[in-house]
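Below: one structure, written as structure tokens.
In this text the structure is predicted, and so the values were computed from the model without any measurement.
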Amino acid sequence: MKQAVQRFGKFLSGMVMPNIGAFIAWGFITALFIEDGWLPNADLATLNGPMLNYLLPILIAYTGGKMVGGDRGGVIGGIAVIGVIVGAPEYPMLMGAMVMGPFAGWVIKMFDRAMDGRMPAGFEMLINNFSIGILGMVLAILGYYAIGPFMSVILVILSKGVEILVNHGLLPLVAIFIEPAKVLFLNNAINHGIFTPIGLEQAASAGKSIMYMLETNPGPGLGVLLAYCLFSKDKATKSSAPGAIIIHLFGGIHEIYFPYILMNPFVIVAPILGNVCAILFFNIAGAGLVGPPAPGSIISFMAMTPKGGWLISILGVCIATAVSFLVASPIVKMSGAKNLQESQDQMASMKAEAKGTAAPASAAAISTGAVKKIVFACDAGMGSSAMGATKFRNRIKPLNTGITVTNTSVDNVPADCDIVVCQVTLQERARKSAPQAQLVTIGNFLADPQLDNLYNSIANMGSGTATAVAEPEQKEEAASGNKTVMLREGVKLGLKSVSKEEAIRAAGELLQEIGCVGASYVDAMLEREKLVTTYMGLGVAIPHGTSQAKGVVQKSGIVLLQYPDGVPFGDEKAQLVFGIAGVGDEHLDLLANISNALEDEDLLETLKTTNDVDLILKTFS
């Protein structure tokens, strides 16, 4: 439930965050040129309305559509939201855009999936263009008559709710929900998914809104950091706090203080009370900002303050800081805090859950004294884990530890496993499958700091007499199925950058084209990506199907799609996308070759840009 809420929040904020620059531009135009602004200018003030009512919703709808349906989804999202905007002219339709953009992206995605393989040759461009035009028109009409008016009702209800809270002096109580939600990484979702749309409507009529101040005030977090800076008993924590203060206050990165809360969860009371007092003061003083301060630094907070409001804004930040500091100080003094590194690792896992991606967990505490077998586990045990196991096996081989390194499906970890290495989103399944094993969670299988920690722990064990080996039965099976699984027609070089989903679909269709898989395997590859990323690190991704999709694999094969400019996989880019389908373990030898090739940094960089198919085949044969 928590992960689902976090991912939904991440999706909402994902539509807004890329467009923050546009919000800032609109905020500055409002602050400077409206009648009560710093430099009143009636002509330039006319930019305010079109930017608020058209530019911002269209950008959000385009971004939401692209998140779901790629470039075509973005275009149809931009078309469809016009109906929502015109159908509800009384209100800025940011919330309507957050609904219509993803919905339009989903519609075109379903259309493209239905037409996949059914377009007559030579009619592709005609069908693609007209489909967006016709479906976009239909959705715009739907937006005009249904979604726009419906979202107007929702916005009226929310606005009236806020008005009731303000009129009855209850608005400060929202801090009880805001501060804990921030520590759960719902800060952007709350700020940009809820407060910003309501704030825009208020700012459009009143020139400012208190909604922009509720989550972004840096004071509550600043008070907590000051308390740790002065009163923490842990030297490392105390010495790290001053740097965190600078990053938090001037950089606006509020996440920097979350580990300090996690060390002593009761400290959360401090920012809650600090924000309650600040919101109460802002409410009494009639304060507000002209636009959303993003990020929530003191610089952007003051930049979005309207003319004549600087003193009130500064006082509100100071009140939040003082109350938070006074409450946090005795708690920090009296409590025995956890190690800051542990809290940072916990925060990394929580943030990864919010993103729906993996994140590293600490391997420093792993006990390697009696380790005989390390198992790398992924969903299907077919691609990611195989490469990770090969690379780590080769890495520890010179240590002569006698440790067996192998890979498997996360649901079939052998009972004699001592350490399981898997991605964070698979950790619960790994614990259920191998409750006896120690668990190391990582971000990717090729270049993760926790793999370095695990290696260092093993290296400190001392030398043995045997070498790190693969499972004997796995080795024999792989050898018995030693077939050529990468063909010339399965290599595509110099491709233009596309979305992650488009790249995965292209890899699956190429596997289907060369006779390795059935048509349903392509969808299984996309489903597999939703479970946990197949990005391996070092600019390499290896998308493959779910474990349930092995039944539609007709023969083993690996295809390579090269994108010199990279394909976004979360925060990273993959230049080499290997599509994988395997019968048994026939593909493991080639995965081992891929892993070995990645050891050579110069060769890896060459492979990312080469136009020589023979070099590719020679490298991975």
- Note on the structure: Smallest heavy-atom separation, Pro57 atom then Ile85 atom, equals CB-CD1, 3.8 Å

- Message: Let me confirm one number: the CE-CG distance from Met100 to Leu142, rounded to the nearest 0.5 Å.
- Response: 5.0 Å

- Note on the structure: Per side-chain contact (heavy atoms from CB on, under 4.5 Å), Ile580 is matched among Ile558, Val559, Val553, Thr534 by Ile558

- Side-chain heavy-atom pair Met486, Val491 within 4.5 angstrom cut-off: yes

- Query: Which heavy-atom pair separates Ile108 from Gly105 by the least distance, and what is that distance?
  - Reply: CG2-O, 3.3 Å

- Item | Mutual orientation of the aromatic rings belonging to Phe282 and Phe301 [parallel < 30°, tilted 30-60°, perpendicular > 60°] | tilted

Sequence neighbours left out, cut at 3.5 Å: what donor-acceptor pairs do the side chains of residues 562-569 make with other protein atoms?
| unit_1 | atom_1 | unit_2 | atom_2 | d |
| --- | --- | --- | --- | --- |
| Gln562 | OE1 | Gly494 | N | 2.8 |
| Gln562 | NE2 | Leu607 | O | 2.8 |
| Gln562 | NE2 | Thr610 | O | 2.8 |

- Query: Hey, is the main chain of Met213 close enough, under 3.5 Å, to the side chain of Asn217 for a donor-acceptor pair?
  - Reply: no

- Go through the steps for Leu139 and Ile79 under the test side chain to side chain contact (heavy atoms under 4.5 Å, CB included), then give the verdict. CA-CA 8 Å; Leu139 291 174; Ile79 297 170; over 6 Å; no

- Are any of the side-chain heavy atoms of Tyr212 and Ile198 separated by less than 4.5 Å? no

- Report yes if the side chains of Ile29 and Leu44 come closer than 4.5 Å at any heavy-atom pair, otherwise no. no

- Going through the distances and angles, do Phe23 and Leu59 end up as a side chain to side chain contact (heavy atoms under 4.5 Å, CB included)? CA-CA 10 Å; Phe23 280 87; Leu59 285 174; over 6 Å; no

- For residues 55-69, the side chain to side chain donor-acceptor pair (under 3.5 Å) pairs (sequence neighbours left out) are Asn19-Thr63, Lys66-Asp71

- Derivation of the side chain to side chain donor-acceptor pair (under 3.5 Å) call for Thr533 and Glu529: CA-CA 5 Å; Thr533 182; Glu529 190 66 27; 3.2 Å; yes

- Note, Phe111 side chain near Ser131 side chain (heavy atom, < 4.5 Å): yes

- Least distance between heavy atoms, Gly77 atom then Ala61 atom: O-CB, 3.5 Å

- Item | Nearest non-hydrogen partners of Ala507 and Met525, listed with the distance | CB-CE, 4.2 Å

- Message: Taking the side chain as everything from C-beta on, heavy atoms only, tell me whether Met211 gets closer than 4.5 Å to Pro292.
- Response: no

- Message: Set out, in order, the CA-CA distance, both residues' side-chain angles and the distance that settles side chain to side chain contact (heavy atoms under 4.5 Å, CB included) for Met93 and Val81, then state yes or no.
- Response: CA-CA 9 Å; Met93 272 292 108; Val81 78; 5.7 Å; no

- Query: For Pro92 and Asn53, which heavy atoms make the closest approach, and how far apart are they?
  - Reply: CA-OD1, 4.0 Å

- Note on the structure: Between the CZ atom in Phe33 and the CG atom in Asp43, the distance rounded to the nearest 0.5 Å is 11.0 Å

- Test item: Glu179 and Pro220 side chains (from C-beta on) under 4.5 Å apart, heavy atoms: yes

- Nearest-0.5 Å distance that lies between atom CE in Met51 and atom CG in Asn48: 8.5 Å

- Query: In Å, rounded to the nearest 0.5 Å, how long is the span from CG of Leu426 to OG1 of Thr441?
  - Reply: 10.5 Å

- From Asp523 atom CG to Ile504 atom CD1, the distance as rounded to the nearest 0.5 Å: 11.5 Å

- For Val86 and Pro89, work out which heavy atoms get closest and say how close. O-CD, 3.4 Å

- Could you name each residue pair satisfying side chain to side chain donor-acceptor pair (under 3.5 Å) that touches residues 92-115, not counting sequence neighbours? Arg72-Asp112

- Item | Short side-chain to backbone donor-acceptor contact, Asn275 and Leu214, under 3.5 Å | yes

- For the pair Asn128 and Met119, evaluate side chain to side chain contact (heavy atoms under 4.5 Å, CB included) and give the outcome as yes or no after the intermediate values. CA-CA 10 Å; Asn128 285 337; Met119 293 189 192; 3.3 Å; yes

- Arg505 and Glu502: CA distance, side-chain angles, deciding distance, salt bridge (Lys or Arg N to Asp or Glu O under 4.0 Å) verdict: CA-CA 5 Å; Arg505 181 168 291 279; Glu502 290 171 316; over 6 Å; no

- Task: Look at the side chain of His254 and the backbone N and O of Gly221, then say whether any donor-acceptor pair between them is shorter than 3.5 Å.
- Result: no

- Message: Less than 4.5 Å apart, side chain to side chain, heavy atoms only: is that true for Val522 and Leu511?
- Response: no

- Distance, nearest 0.5 Å, that separates CZ of Arg429 from SG of Cys422: 9.5 Å

- Message: With a 4.5 Å cut-off on side-chain heavy atoms, are Tyr521 and His544 touching?
- Response: yes

